[in-house]
Trainee: 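Let me give you the structure first, and then I'll get to my questions.
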2 protein chains.
Amino acid sequence: MNPPAVVRSATSSAGRAPLTAIVRDEIIRMIEAGALAPGVWVNEADLAARLGVSRAPIREACRGLEQSGLLSFVVNRGAFVREIDPVEAAELYDLRSALFALAGRELAPVIHEKQLRILAKLLDDMDAAADDGDLDVYYPLNLLFHQTLLEFTGNRRLLLTYQSIIRELHLFRRKALVTRERMSDSNAEHRAIYAALRAKNPVAAASLMEAHVLNAKKRIFQTIPSREAAG
Amino acid sequence: MNPPAVVRSATSSAGRAPLTAIVRDEIIRMIEAGALAPGVWVNEADLAARLGVSRAPIREACRGLEQSGLLSFVVNRGAFVREIDPVEAAELYDLRSALFALAGRELAPVIHEKQLRILAKLLDDMDAAADDGDLDVYYPLNLLFHQTLLEFTGNRRLLLTYQSIIRELHLFRRKALVTRERMSDSNAEHRAIYAALRAKNPVAAASLMEAHVLNAKKRIFQTIPSREAAG
DNA sequence: ATTTCCAAAATTGTCGACGATTATTGACAG
DNA sequence: CTGTCAATAATCGTCGACAATTTTGGAAAT
């Protein structure tokens with residue numbers, strides 16, 4: 001008999017975290033790592049065995065992930081990682097642009113020096129990565145830059161909704177053609193946003209941040225769709 | 001006996017809907033009907049007995065509702081209807097205003113005559129209700145008007161996100177002081193929105209719709225908090 | 001070789017059960 | 001009368017089991 005996987009020790013001291021939460025995070029991790037690609041079927045028994053738990057916490061976690069748009073259930077066939085088609089991806093980009101603009105409008109009046117320094121550091125790092133043409137460095141920094149802006153607003157709800165949309169958008173697996181030039185262009189937009197925030201100009205920040213997301217949308221859809229979706 | 005692949009309708013052939021979905025809808029209904037007030041504990045065994053099912057579908061449904069912000073789980077104590085505090089309510093209003101503005105921006109360029117007539121009818125009905133000072137008629141019409149605008153955009157994702165926020169906001173149970181005058185003011189804003197849409201002016205529509213939600217926010221927070229939450 | 005059919009295997013949806021944790025009751029002391 | 005604390009009851013989180021449904025694999029037929 002296989003010993004239970006070492007999973008139950010997330011918070012050891014007090015009452016341990018419910019298995020459902022652990023499973024939920026693990027599935028999210030697998031999706032983001034690519035171990036669970038869009039369209040792929042989620043085998044409950046298999047996951048249960050691998051995590052050393054029963055199917056109940058698995059199913060509860062999947063129901064949560066269904067609601068957050070990462071999984072979809074088909075009756076008597078189980079749960080599947082959702083596939084985002086171009087139409088829905090476009091809708092998600094529009095949503096994201098509106099939320100990002102809102103973040104800018106809320107952040108500009110209240111941003112302070114310490115926060116600006118953190119952003120400036122990220123901008124420099126991204127420029128360095130762009131000069132090297134190193135997407136593996138640029139991409140996470142880019143995500144972090146956006147997320148940091150959202151966090152600085154102090155609007156918890158806005159951050160959560162934004163993150164949820166980003167996760168879903170991640171299921172739209174069309175790779176944009178990322179060139180050194182595009183990274184530089186993108187970071188130039190970041191610097192314009194930074195300037196508007198530093199100037200504490202809500203209207204400019206909102207406008208630039210909205211445009212920034214819509215430009216990203218354009219770049220994705222201008223890229224010729226690759227033939228890799230079929231499995 | 002191989003039916004064409006297209007008509008795999010979920011209605012008749014494949015038996016009944018999963019219990020989880022039924023339970024989920026029932027809990028939502030109870031919340032909206034006030035049978036489950038914010039802060040109230042959701043008794044799993046009780047619900048299971050009343051609906052004639054086991055606890056498994058109940059728990060799965062609750063996990064979904066947790067993710068959509070209507071319930072919150074406390075370890076070893078179960079699920080509770082969430083309570084929205086003023087801070088979070090304010091955040092939700094801001095989100096809602098951004099989404100409503102986006103709807104206006106997207107709808108204005110594409111709205112057509114048939115849709116405008118439907119809106120005009122709603123406006124007239126709301127004015128009638130406002131003249132009568134009948135909130136019980138005005139309030140549902142008001143909800144319908146907003147939802148219809150979202151539907152007309154054709155942006156499914158936007159509609160879903162908006163509805164989710166509205167549901168959560170419903171958990172912030174502070175009653176605004178609704179007078180005949182306020183209903184008239186509100187509907188005057190509706191008519192301004194209608195005019196901007198009819199003129200196919202995205203900028204004006206977005207701006208008016210954003211302001212409309214922010215005015216509603218103001219009205220809620222100007223109302224003196226009532227002593228009814230505790231219990 | 002392809003299609004049709006049917007039994008076997010796999011999987012889902014749902015249920016009841018059990019230990020662990022939390023809430024409640026009620027005796028008892030101050 | 002009030003507060004403490006143990007015994008009891010209620011509830012949660014989790015598990016394994018089972019019927020219904022779907023998928024699989026291969027034999028039979030075209």
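Each chain gets a letter, A, B and so on, in the order its sequence line appears, and its residues count up from 1. The basis for the numbers below is simple: all heavy atoms, side chains too, and nothing from hydrogens, waters or symmetry mates.
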Trainee: According to the interplanar angle, ranging from 0 to 90°, do the rings of H190(A) and Y138(A) count as parallel (below 30°), tilted (30 to 60°) or perpendicular (above 60°)?
Mentor: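 Ring orientation of H190(A) relative to Y138(A): parallel.
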Trainee: Starting at the 5' end of DNA chain C, which residue's closest nucleotide do you reach first, A56(A) or G78(A)?
Mentor: G78(A)
Trainee: Picking from dT14(D), dG13(D), dG13(C), which would you name as closest to the side chain of E44(A)?
Mentor: dG13(C)
Trainee: Is the shortest side-chain N to carboxylate O distance from R63(A) to E60(A) below 4.0 Å?
Mentor: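 Not counted as a salt bridge, because no side-chain N and carboxylate O are separated by less than 4.0 Å.
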Trainee: Without decimals, in angstroms, what is the distance between F73(A) CZ and dT12(C) C1'?
Mentor: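 The answer, rounded to whole Å, is 10 Å.
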Trainee: Please determine whether a side-chain nitrogen or oxygen atom of R59(A) lies at a distance below 4.0 Å from atom OP1 or OP2 of dG13(C).
Mentor: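 Result: yes.
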Trainee: Set out, line by line, the N/O atom pairs under 3.5 Å between protein and nucleotides 19-23 of chain C.
Mentor:
unit_1	atom_1	unit_2	atom_2	d
dT21(C)	O3'	N76(B)	ND2	3.1
dA23(C)	OP1	R77(B)	NH1	2.2

Trainee: Which of these nucleotides, dT11(D), dC15(D), dG13(D), is closest to any side-chain atom of W41(B)?
Mentor: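 Among dT11(D), dC15(D), dG13(D), the one nearest the side chain of W41(B) is dT11(D).
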Trainee: Do the rings of H146(A) and H212(A) sit parallel, tilted or perpendicular, given the 30° and 60° boundaries?
Mentor: perpendicular
Trainee: Using a heavy-atom cut-off of under 4.0 Å over every strand shown, decide if V42(A) touches base, sugar-phosphate, or nothing.
Mentor: sugar-phosphate
Trainee: Between C1' on dA9(C) and CG on N43(A), what's the gap in Å once rounded to a whole number?
Mentor: 14 Å
Trainee: Which pairs count as salt bridge (Lys or Arg N to Asp or Glu O under 4.0 Å) when at least one residue sits in residues 90-100 of chain B, sequence neighbours excluded?
Mentor: D94(B)-K217(B)
Trainee: List in numerical order all residues of residues 45-53 of chain B for which some heavy atom is under 4.0 Å away from an atom belonging to DNA chain D.
Mentor: none
Trainee: Look at R156(A) together with E88(B) and state whether they make a salt bridge at an N to O cut-off of under 4.0 Å.
Mentor: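 Not counted as a salt bridge, because no side-chain N and carboxylate O are separated by less than 4.0 Å.
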Trainee: Should E26(A) and R29(A) count as an ion pair when the cut-off is N to O under 4.0 Å?
Mentor: yes
Trainee: Given atom CD1 of I58(B) and atom C1' of dG16(C), what is their separation to the nearest angstrom?
Mentor: 15 Å
Trainee: From CG of L19(B) over to P of dA20(D), roughly how many Å is that when rounded to an integer?
Mentor: 14 Å
Trainee: Check this for me: does any side-chain nitrogen of one of E66(B) and R59(B) sit under 4.0 Å from a carboxylate oxygen of the other?
Mentor: no
Trainee: How many whole angstroms separate atom CZ of R55(B) from atom C1' of dC15(D)?
Mentor: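 Spelled out: CZ on R55(B) to C1' on dC15(D) is 12 Å.
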Trainee: Are any non-hydrogen side-chain atoms of I166(A) and H170(A) less than 4.5 angstrom apart?
Mentor: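 Answer no - side chains too far apart.
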Trainee: Got C62(B) and I27(B) here, is their nearest side-chain heavy-atom distance under 4.5 Å?
Mentor: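 Counting from C-beta outward, C62(B) and I27(B) do come under 4.5 Å.
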